[in-house]
Student: 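I am attaching a structure below and will ask some questions about it afterwards.
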Amino acid sequence: MTDYNVIVIGAGPAGYVAAIRCAQLGMKTACIDKWLNLEGQASLGGTCLNVGCIPSKALLDSSHHYYFLQKEAITHGIQCDNVKLDIATMQARKEGVVKTLTQGIAGLFKKNKVTSITGTAKLIANKQITITTPDGQQQTISADNIIIATGSTPVQIPIAPFDNEFILDSTGALNLTKIPERLGVIGAGAIGLELGSVWNRLGSKVTILEALPDFLSMADRKIATLAQRELKKQGLTINLNAQVTSTNIINNEVVISYSDKSLTVDKLIVAVGRKPHTDNLNAAEIGIKIDERGFIQVNAQRQTAIDGIYAVGDVIGGPMLAHKGSEEGVMVAELIAGQKSEMSYATVPFVVYTHPEIAWVGKTEQQLKLDKIEYKLGQFPFAASGRARANGDINGIVRVIADVKTDNILGVHIFGNNASELITEAVVAMELEASAEDLARTIHAHPTLSEAIHEAALGVDGGMIHA
Ligand code: FAD
Ligand code: NAD
């Protein structure tokens, strides 16, 4: 007789969602997580809530208000002389948001009768887990099924090891209490662009060094070009093709050598990706297969090499995104409960929360060209949108790409204010295998930013009205 039907290891967006869904489906469920906040208290929600999605968006929002008041409010007839920054209050607000939401997960666990256990889990044979609590106590519990959702941690590169005083990982970059005059960032990915934007808006001179020759290589080329141009206008220096060869801390400054050039900054953020987190889990030792990059290998049902042990979220690779992990968590919970469940990786949306935001779903033009798929394209600029004009935020475009023969939507790419919200319409349309005509014949409220998607869909067959 086991202690639980399901034990979930990790309470990030993959694990906590899996645990709640398991409990909803009538399974006796426990979720083990080791995260402690700076006050030494258990803090559920994993990377996303504690040091990822949520605190970064809190700072993006605060820094955008500051930027708006300084640079844009005047165009609305609002004079904001002497706008002052109180970084301590800004950081305290961010921490407050994190605390509310992490405590919210604890509340959801209670409501759904998930047993929450604070401690570090180690897998042992026969679906048993040893838990070491923060005060060093140990206990062993067992389950019929185990879901591993242990997430990921920042990649460290040997030429720029984190000291979290001068060379920062993403957590250090979220917690600065003073605005660095000069800030370097290695990596122009989601973290580099988002946190680079935060500190640029707050007054740092930000230089981003990206190894690849293309800016945001995964994004649609036209969107990437527009975004790069706009971020440059906002003051970010983005150097592509930058091969960093060394970093040295000299007299409280970081001297970075890259591609025969040199850059001196006060702080350096290294944001070159994240790696799966399986340290001390004992996964390989009990027979779970791990690939050469450290990701846990799973089959289509997200089951590992051991019957009844599943893995979801960042630790299995694919897009390292909170919503991807959460959907996997739901799917595995339902499969364990004996239901039919699957998720569609083709419609996972991607968002970069710069201003304007960059968001997309489905294929890019460049992918379609490579795959030799014939497509048609409609695109609409926000400059022609009544709502964007009224908002005073007219940067960007929407691009809708559809199959030449079937008219099915193959991809939607947005650079614009609120793209993170707008993209959901495209995700739903693609999930339901809609055609561009379906979107074009759908009534959109006026005046809204979503009319830009409507117009771009109309544009697929040359029927755009407002541009
Ligand atoms: P995690 O969130 O990493 O959670 C894993 C949990 O497992 C942790 O709480 C950890 O303590 C626990 N754990 C690990 N090992 C053990 C063990 N042995 N015993 C007990 N507990 C253990 N994604 C988005 O979709 N949108 C965003 O806007 C976004 N912004 C981000 C901003 C930043 C700065 C960062 C760093 C990431 C961001 N991400 C974003 C990525 C997102 O945070 C991750 O994709 C997501 O958190 C992965 O969820 P997960 O549940 O797989 O793992
Ligand atoms: P990333 O993979 O998004 O970007 C890393 C960038 O660093 C890439 O452009 C890569 O080419 C570059 N790079 C790698 N090695 C380099 C080197 N030695 N020198 C210079 N450049 C180098 O990774 P990230 O920005 O660290 O984010 C980590 C993960 O967190 C990602 O998987 C991302 O999806 C997720 N995340 C998502 C969001 C979001 O959804 N808005 C926000 C933040 C983080």
Side-chain angles (χ1 to χ4, degrees), residues 47 51-52 55-56 59 63 87 151-219 224 227-229 231-279 291-295 314 317 320 352 354:
T47 305
V51 295
S56 60
L59 288 184
S63 61
I87 189 83
S152 63
T153 54
V155 166
Q156 174 157 257
I157 46 176
I159 47 164
F162 301 127
D163 63 7
N164 272 330
E165 187 182 355
F166 296 102
I167 303 184
L168 315 174
D169 62 11
S170 52
T171 303
L174 285 167
N175 290 340
L176 287 168
T177 51
K178 225 178 112 209
I179 290 138
E181 210 171 292
R182 299 156 303 172
L183 176 69
V185 183
I186 303 183
I191 294 181
L193 295 178
E194 292 182 8
L195 295 183
S197 290
V198 165
W199 297 109
N200 171 58
R201 292 170 194 167
L202 297 180
S204 295
K205 167 91 200 77
V206 176
T207 306
I208 304 185
L209 304 174
E210 165 61 47
L212 293 179
D214 290 328
F215 178 68
L216 272 183
S217 56
M218 279 166 70
Q228 189 182 359
R229 200 177 300 155
L231 292 174
K232 187 173 172 201
K233 251 176 44 199
Q234 292 174 11
L236 287 170
T237 302
I238 302 170
N239 293 329
L240 301 174
N241 257 326
Q243 306 295 332
V244 178
T245 49
S246 72
T247 60
N248 287 294
I249 297 158
I250 304 166
N251 296 331
N252 292 336
E253 294 179 328
V254 190
V255 182
I256 308 151
S257 300
Y258 71 97
S259 307
D260 301 327
K261 295 189 191 79
S262 171
L263 171 72
T264 302
V265 293
D266 302 296
K267 303 277 183 195
L268 172 66
I269 301 171
V270 179
V272 294
R274 294 177 62 82
K275 61 178 174 34
H277 180 34
T278 52
D279 302 354
D291 74 13
E292 65 287 349
R293 293 164 64 210
F295 292 108
D314 280 10
M320 288 174 132
V352 184
T354 47

Student: Can you confirm whether Q156 is buried at CD, in the sense that more than 12 heavy atoms of other residues, nucleotides or ligands lie under 6.0 Å from that atom?
Tutor: yes
Student: By side-chain contact (heavy atoms from CB on, under 4.5 Å), which residues pair with R182, not counting sequence neighbours?
Tutor: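 side-chain contact (heavy atoms from CB on, under 4.5 Å) list for R182, sorted by chain: E253, T264, V265, D266.
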Student: So does D169 get a backbone contact from the side chain of N164, meaning a donor-acceptor N/O pair under 3.5 Å?
Tutor: yes
Student: If I take atom CD from residue Q243 and atom CG from residue D260, how far apart are they, to the nearest 0.5 angstrom?
Tutor: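 Atom-to-atom, Q243:CD and D260:CG are 10.5 Å apart.
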Student: So do the side chains of L240 and P213 get within less than 4.5 Å of each other, counting heavy atoms only?
Tutor: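 No, too far: nothing below the 4.5 Å cut-off.
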Student: Would you give me the side-chain donor-acceptor pairs under 3.5 Å for residues 173-180, sequence neighbours excluded?
Tutor:
| residue | atom | partner | partner atom | Å |
| --- | --- | --- | --- | --- |
| N175 | OD1 | K94 | NZ | 2.7 |
| N175 | ND2 | T171 | O | 3.3 |

Student: Any donor-acceptor pair under 3.5 Å linking the side chain of T207 with the backbone of G184?
Tutor: no
Student: Do you know which two heavy atoms are closest between A160 and I167, and how far apart they sit?
Tutor: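 Between these two residues, the closest heavy atoms are O-CG2, 3.6 Å.
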Student: What closest approach, in Å, do F215 and A224 show between heavy atoms, and which atom pair accounts for it?
Tutor: CD2-O, 3.4 Å
Student: Can you list, pair by pair, the side-chain donor-acceptor contacts under 3.5 Å of residues 267-277, counting residues two or more places apart and other chains?
Tutor:
| residue | atom | partner | partner atom | Å |
| --- | --- | --- | --- | --- |
| K267 | NZ | E165 | O | 2.7 |
| R274 | NE | S152 | OG | 2.8 |
| R274 | NH2 | T47 | OG1 | 3.2 |
| R274 | NH2 | S152 | O | 2.5 |
| R274 | NH2 | S152 | OG | 3.3 |
| K275 | NZ | T153 | OG1 | 3.3 |
| H277 | NE2 | K34 | NZ | 3.0 |

Student: Name the one of L183, N200, T237, L236 that satisfies side-chain contact (heavy atoms from CB on, under 4.5 Å) with K205?
Tutor: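 It is T237; the other options fail the test.
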Student: What heavy-atom pair brings V206 and G196 nearest, and what distance separates the two atoms?
Tutor: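 Nearest pair, atom of V206 first, then G196: CG2-O, 3.7 Å.
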Student: For the residue pair L195 and S170, what are the closest heavy atoms and their distance?
Tutor: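 Smallest interatomic distance, heavy atoms only, reads CD1-O, 3.9 Å.
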Student: Can you see which heavy atom on P161 is nearest to which on I159, and at what distance?
Tutor: CD-C, 3.6 Å
Student: Supply the atom-to-atom distance T247 OG1 to I157 CD1, rounded to the nearest 0.5 angstrom.
Tutor: 7.5 Å
Student: Who pairs with S246 by side chain to side chain donor-acceptor pair (under 3.5 Å), at least two apart in sequence or on another chain?
Tutor: S257
Student: Write down the atom of A242, the atom of L209, and the distance for their closest heavy-atom approach.
Tutor: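 That closest heavy-atom pairing would be CB-CB, 3.9 Å.
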Student: With sequence neighbours left out, what residues match T354 under side-chain contact (heavy atoms from CB on, under 4.5 Å)?
Tutor: L193, S197, L231, V352, I358
Student: Can you find a pair of side-chain heavy atoms, one from Y258 and one from N239, that are under 4.5 Å apart?
Tutor: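 They are in side-chain contact.
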Student: Could you grab the distance from atom CD of Q228 to atom CD1 of I208, nearest 0.5 Å is fine?
Tutor: 10.0 Å
Student: Please enumerate all residues that pass side-chain contact (heavy atoms from CB on, under 4.5 Å) together with E292, with sequence neighbours excluded.
Tutor: none
